[in-house]
*Asks:* 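Mind having a look at this structure? Questions to follow.
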Amino acid sequence: MSAEKTPDSKMMEDLVSLCKRRGFVFPASEIYGGINGFWDYGPLGAQLKNNLRDAWWQDNVLMPPTGPDGDPVSVVGLDSAIIQNPKAWVASGHVGGFNDPMVDCRESKARYRADHLRVVKAVPREGEADAGRMFAFLEGDDAGFERALKKLGKYVKRDLGKGDTEILSFEGLDTQVIPMIVGPEATEPGSLTEPRMFNLMFHSYAGAVQDEDSKVYLRPETAQGIFLNYKNVLDTSRVRVPFGIAQVGKSFRNEVTPRNFIFRSREFEQMELEWFCHPSEARQWFEFWRDHRMNWWKSIGLAGDNLVLRQHDSDELSHYAKAGVGTADVEYRYPFTAPGFGELEGIAHRTDFDLAAHQQHSKAKLEYFDQERNERYLPHVIEPAAGLTRGVLAILCEAYTRDESRASPEIMKFHPRVAPIKAAVFPLVNKDGMPEVAQKLHAELRAKFGRLGMIETDPKQSIGKRYARMDEAGCPVCFTIDGETMTDQSVTARDRDTGAQERVSIEKVSDYVAQKLGV
Ligand code: GAP
């Protein structure tokens, strides 16, 4: 049996199409032509996302990891409002500074982030004048780069060999050069605008009057809701520094160029934990959370070469992280970033930046009195900030497998913990008492495992087609009630990953499922 992965753009196309066909992810408002940057999660996608969210909550809040002292660390949950007092976003720096440089193409009407645009130019040969004209393409878009090279070769009327071209970042270009560039989707030079800063926050108005005073923002990160409630949590629960507050929920960013399926969307979900600690212990906790978070993603099926931990260089650090002990990203090799990697989760030392800013702007006292140290201070924060919807994408990419030796070659090899369907029960044929036995087993499995995910049954179509449907949905195991069941009380158990079948006593099916799911 040959199982092959194809980490390329074809695979991404196939995956997006499977997600649509099987009800994982649909384009939002599809019947109206969709809306760029928004996605809906169908029955399988919603369950997959909930399973990932629940796994994160269970492993960070309900059963948090063991800390360096051998005791479980202390983390509590929170669910804060999406819309907060707009002053909070001024204090956090988002009103003033949450901007992306944006470039418009007047010819194609396309919009790009300046930091994602690259331009290729010809290096003049001896005695040759500078060609002047340059061709833009999007970073990571290999086909776009090839097109730009071809157009450049035609323009300079020579074959471009190694060392004949230079690639420049659009962002750092002298503005006088911009009129000489042909945009990625343009035919003539001069259609790209200079980069303009664009605030990523969506806004609305609270109340009947729509003016500057009633302007409110949809949160661009869940983190600030945690900082706003840090004192409430301290005053009402028994936590003491060091402790964490965790939150899962929607965030909104008016991304200039939403793209790559659900990787960068305008409405998405985050799973964020703010860990409050004494400033002198920040490095130790940063390393603790960085390693824990990396191992956690491995534990739910992203193990292997597709996952890396990358420490940020100092010039990449955000304003709040500059003074800290560092920032690291858990990165995944998505098909559209391969052979490179893209961010899945960032772990940052935010110092006391947020608490200090909120303390200053709100005038509320946010300092903590540490009885053990007999010291008053603003705690420092270590923040593991993960994308829930981006995690769903990484899991979908990792699971997607083609096995051409199977009648239906697409298999979603989800880790059993996140698989939306946990088990399926089929009567081989719709007669001879088989449907009744299947129904009973289905009800038994649902009662035992239904809290973890879907338990399916399906009496229609050939058994091969039903297995294929379950492979595409990523169901780890199927049970078939057949003629033998009626005589010896055994069923066929069929494994998703290998297609192998074995007989199992019907009484032992629950144990079999429990073992398969690791529960
Ligand atoms: N509180 C810190 C913070 O929000 P971030 O790196 O901007 O940091 C954290 O976001 C995570 O949220 C990212 O690693 C990514 O997984 C996810 N994320 C951010 N923007 C996103 C978008 N537009 N679409 C989907 N996921 C996004």
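All ligand and atom numbering here is 1-based and tracks the order in the structure.
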*Asks:* Is it true that S92 and Q224 share a donor-acceptor pair across their side chains at a distance under 3.5 Å?
*Replies:* no
*Asks:* E383 heavy atoms, cut-off 4.0 Å: which ligand 1 atoms fall inside?
*Replies:* 1 (N), 2 (C)
*Asks:* Tell me every residue that passes ring-ring contact (aromatic ring centres under 6.0 Å, His included) with H116, counting only those two or more places apart in sequence or in another chain.
*Replies:* none
*Asks:* Pull out every atom of ligand 1 sitting under 4.0 Å from any heavy atom of E255, numbered as shown with elements.
*Replies:* 22 (C), 23 (N)
*Asks:* Please determine whether any non-hydrogen atom of R350 lies less than 4.0 Å from an atom of ligand 1.
*Replies:* yes
*Asks:* Give the contacting part of A223 toward ligand 1: side chain, backbone, both or neither, where contact means a heavy-atom distance below 4.0 Å.
*Replies:* side chain
*Asks:* Sub-3.5 Å donor-acceptor pair from the side chain of R310 to the main-chain atoms of D329, do we have one?
*Replies:* no
*Asks:* Test: salt bridge (charged side-chain N to carboxylate O under 4.0 Å, His left out). Region: residues 30-50. Which pairs qualify, not counting sequence neighbours?
*Replies:* K20-E30, K49-E269
*Asks:* Is E345 touching ligand 1 with its side chain, its backbone, both, or neither, if touching means heavy atoms under 4.0 Å apart?
*Replies:* backbone
*Asks:* Hey, is ligand 1 close enough to E221 that some N/O pair sits below 3.5 Å?
*Replies:* yes
*Asks:* Using heavy-atom distances only, which candidate in R253, Q224, R390 approaches atom 15 (C) of ligand 1 most closely?
*Replies:* R390
*Asks:* Do we get R259 above F336's six-membered ring, with its NZ or CZ under 6.0 Å from the centre and within 45° of the axis?
*Replies:* no
*Asks:* Do you see a donor-acceptor pair shorter than 3.5 Å between the side chains of Y230 and E274?
*Replies:* no
*Asks:* Taking 4.0 angstrom as the limit and counting only heavy atoms of E272, give me the atoms of ligand 1 inside it, by number and element.
*Replies:* 1 (N), 2 (C), 3 (C), 4 (O)
*Asks:* Is a side-chain donor or acceptor of H415 paired with a backbone partner of S299 at a separation under 3.5 angstrom?
*Replies:* yes
*Asks:* Does the structure place the NZ or CZ of R390 under 6.0 Å from the centre of the six-membered ring of F263, at an angle of no more than 45° from the ring's axis?
*Replies:* yes
*Asks:* Closest by any non-hydrogen atom to atom 9 (C) of ligand 1: pick that one out of R219, Q270, E269, R264.
*Replies:* Q270
*Asks:* For the 3.5 Å polar cut-off, considering only N or O atoms, please tell me whether E274 and ligand 1 meet it.
*Replies:* no
*Asks:* Out of P258, P220, A385, G37, who is nearest to atom 8 (O) of ligand 1 when you count heavy atoms only?
*Replies:* A385
*Asks:* For ligand 1, is any non-hydrogen atom under 4.0 Å from L344's backbone (N, CA, C, O), its side chain (CB onward), both, or neither?
*Replies:* backbone
*Asks:* Under the side-chain contact (heavy atoms from CB on, under 4.5 Å) test against L44, which residue among M412, M454, E472 passes?
*Replies:* M454
*Asks:* Give yes or no for whether the N/O distance cutoff of 3.5 Å, strictly under, is met between F268 and ligand 1.
*Replies:* no
